[in-house]
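What follows is a short report on a single structure.
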Amino acid sequence: MTQIAYSAEMSLQALQAAITMLTKHARRWRKTGSKRALYRYLTTVFNLYAVWKRSGDTRTAANRMAKLAGLKHQSDCHPIRIIIDATTNADRKSKSRWTQALRYGWRERSKWNNLERCLRANGGIAGCADKWADLQAETRTPPGYVRAGGEDRVPRIPFFVGVELLDQYGNWP
């Protein structure tokens, strides 16, 4: 990967080099269709995000990259998604799944020293994306509702019986 300065102000040349390199990896994946090329692209995105996190200017670097790539300002997007949007023209669903998988990989980085191994061990890109969605669903279940169904389903079902109406044995008074 091209060396990127660790300064607070990331140079335009470094960002342009990162865009060029990632676009090249994305084109190689599009041309060959191989999983290895896709994993190489995602690993490069992950490494760029890690460099930005270490330097402490993730959001500003991502916004500058989006501006260089000609994207509109995306304040509510995660920086990984901005990197992916700026460097590939894959469909929206694929980009979303890749972003979720990389965010799961970032969360589990202490357990794995290699992103590709993490992805493969957790069911590939789709498996990691599902695990990330499950983690996010647990935090989005509102109070007073239960998490029911499968691992990846979170219907909002209110409690049918107020616990305060039951006696100490769970019977109606």
Side-chain angles (χ1 to χ4, degrees), residues 1-137 139-140 152:
M1 187 163 121
T2 306
Q3 183 65 24
I4 297 176
Y6 285 88
S7 66
E9 258 321 289
M10 192 164 297
S11 70
L12 290 176
Q13 292 84 8
L15 284 174
Q16 191 61 49
I19 290 172
T20 304
M21 178 183 51
L22 286 167
T23 305
K24 187 173 96 176
H25 284 303
R27 273 194 224 125
R28 185 172 297 139
W29 167 70
R30 281 279 190 202
K31 186 176 180 182
T32 63
S34 74
K35 193 176 283 191
R36 176 177 284 175
L38 177 59
Y39 280 177
R40 185 175 298 130
Y41 168 72
L42 293 177
T43 301
T44 309
V45 169
F46 186 82
N47 291 338
L48 179 63
Y49 178 72
V51 167
W52 287 355
K53 280 296 259 190
R54 281 194 301 269
S55 68
D57 63 342
T58 308
R59 178 62 59 184
T60 56
N63 287 338
R64 289 179 71 193
M65 178 179 261
K67 193 172 185 179
L68 274 174
L71 300 174
K72 64 180 185 173
H73 182 69
Q74 302 172 339
S75 60
D76 59 340
C77 274
H78 193 271
I80 290 177
R81 177 60 186 257
I82 293 173
I83 295 169
I84 291 173
D85 282 342
T87 57
T88 188
N89 58 358
D91 60 302
R92 183 180 56 84
K93 186 175 180 180
S94 296
K95 289 179 185 180
S96 175
R97 184 163 291 179
W98 296 345
T99 302
Q100 288 178 338
L102 292 179
R103 290 181 76 179
Y104 181 77
W106 181 258
R107 186 174 192 271
E108 299 293 318
R109 70 188 181 280
S110 63
K111 297 177 186 172
W112 302 93
N113 60 354
N114 185 342
L115 176 68
E116 188 172 338
R117 286 186 187 148
C118 175
L119 292 175
R120 290 186 190 276
N122 289 295
I125 295 168
C128 286
D130 286 344
K131 288 184 180 187
W132 178 258
D134 286 344
L135 289 171
Q136 297 308 301
T139 62
R140 285 194 312 263
D152 55 345

Residue pair Thr88, Thr23: steps toward the side chain to side chain contact (heavy atoms under 4.5 Å, CB included) verdict: CA-CA 6 Å; Thr88 188; Thr23 305; over 6 Å; no
Under 6.0 Å from the six-membered ring centre of Trp106 and within 45° of its axis: does the NZ or CZ of Arg109 meet both?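 Yes, cation above the ring, under 6.0 Å and within 45°.
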Residues which pass side-chain hydrogen bond (donor to acceptor under 3.5 Å, both in side chains) with Ser94, listed by chain and number, not counting sequence neighbours: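 Here the qualifying residues are Asp91.
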Mind checking whether Trp132 and Trp98 have ring centres under 6.0 Å apart?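 They do not qualify: ring centres at least 6.0 Å apart.
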Out of curiosity, [X] [atom1] to [Y] [atom2], how far, rounded to the nearest 0.5 Å?
X: Asn63; Y: Asp57; atom1: CG; atom2: CG; value: 11.0 Å
X: Ile80; Y: Gln100; atom1: CD1; atom2: CD; value: 11.0 Å
X: Tyr49; Y: Leu102; atom1: OH; atom2: CG; value: 10.0 Å
X: Leu38; Y: Arg28; atom1: CG; atom2: CZ; value: 13.0 Å
X: Thr87; Y: Lys24; atom1: OG1; atom2: NZ; value: 13.5 Å
X: Arg64; Y: Ser11; atom1: CZ; atom2: OG; value: 7.5 Å

With heavy-atom distances below 4.5 Å as the criterion, would you say the side chains of Pro79 and Met65 are in contact?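 No, their side chains stay 4.5 Å or more apart.
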State, with a plain yes or no, whether a side-chain heavy atom of Ile84 is found less than 4.5 Å away from one of Tyr41.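 Yes - at least one pair of side-chain heavy atoms lies under 4.5 Å apart.
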Atom [atom1] of [X] with >12 non-hydrogen neighbours under 6.0 angstrom:
X: Arg59; atom1: CZ; value: yes
X: Arg107; atom1: CZ; value: no
X: Arg27; atom1: CZ; value: no

Under the side chain to side chain contact (heavy atoms under 4.5 Å, CB included) rule, what do Met21 and Leu48 come out as? Steps first, then yes or no, please. CA-CA 11 Å; Met21 178 183 51; Leu48 179 63; over 6 Å; no
[X] to [Y] - nearest heavy-atom pair and separation:
X: Ala62; Y: Ile82; result: O-CG2, 3.2 Å
X: Leu68; Y: Gln16; result: CD2-OE1, 3.9 Å
X: Thr58; Y: Lys53; result: OG1-CD, 3.3 Å
X: Ala86; Y: Ile19; result: O-CG2, 4.5 Å

Test side chain to side chain contact (heavy atoms under 4.5 Å, CB included) on Trp112 and Asn122; report intermediate values, then the result. CA-CA 11 Å; Trp112 302 93; Asn122 289 295; 4.1 Å; yes
Is there a side chain to side chain contact (heavy atoms under 4.5 Å, CB included) between Cys128 and Arg97 once you walk through the steps? CA-CA 9 Å; Cys128 286; Arg97 184 163 291 179; over 6 Å; no
Distance alone, cut at 3.5 Å: any donor-acceptor contact between the side chains of Tyr39 and Ser34?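 Per modelled atom types, Tyr39 and Ser34 side chains form no pair under 3.5 Å.
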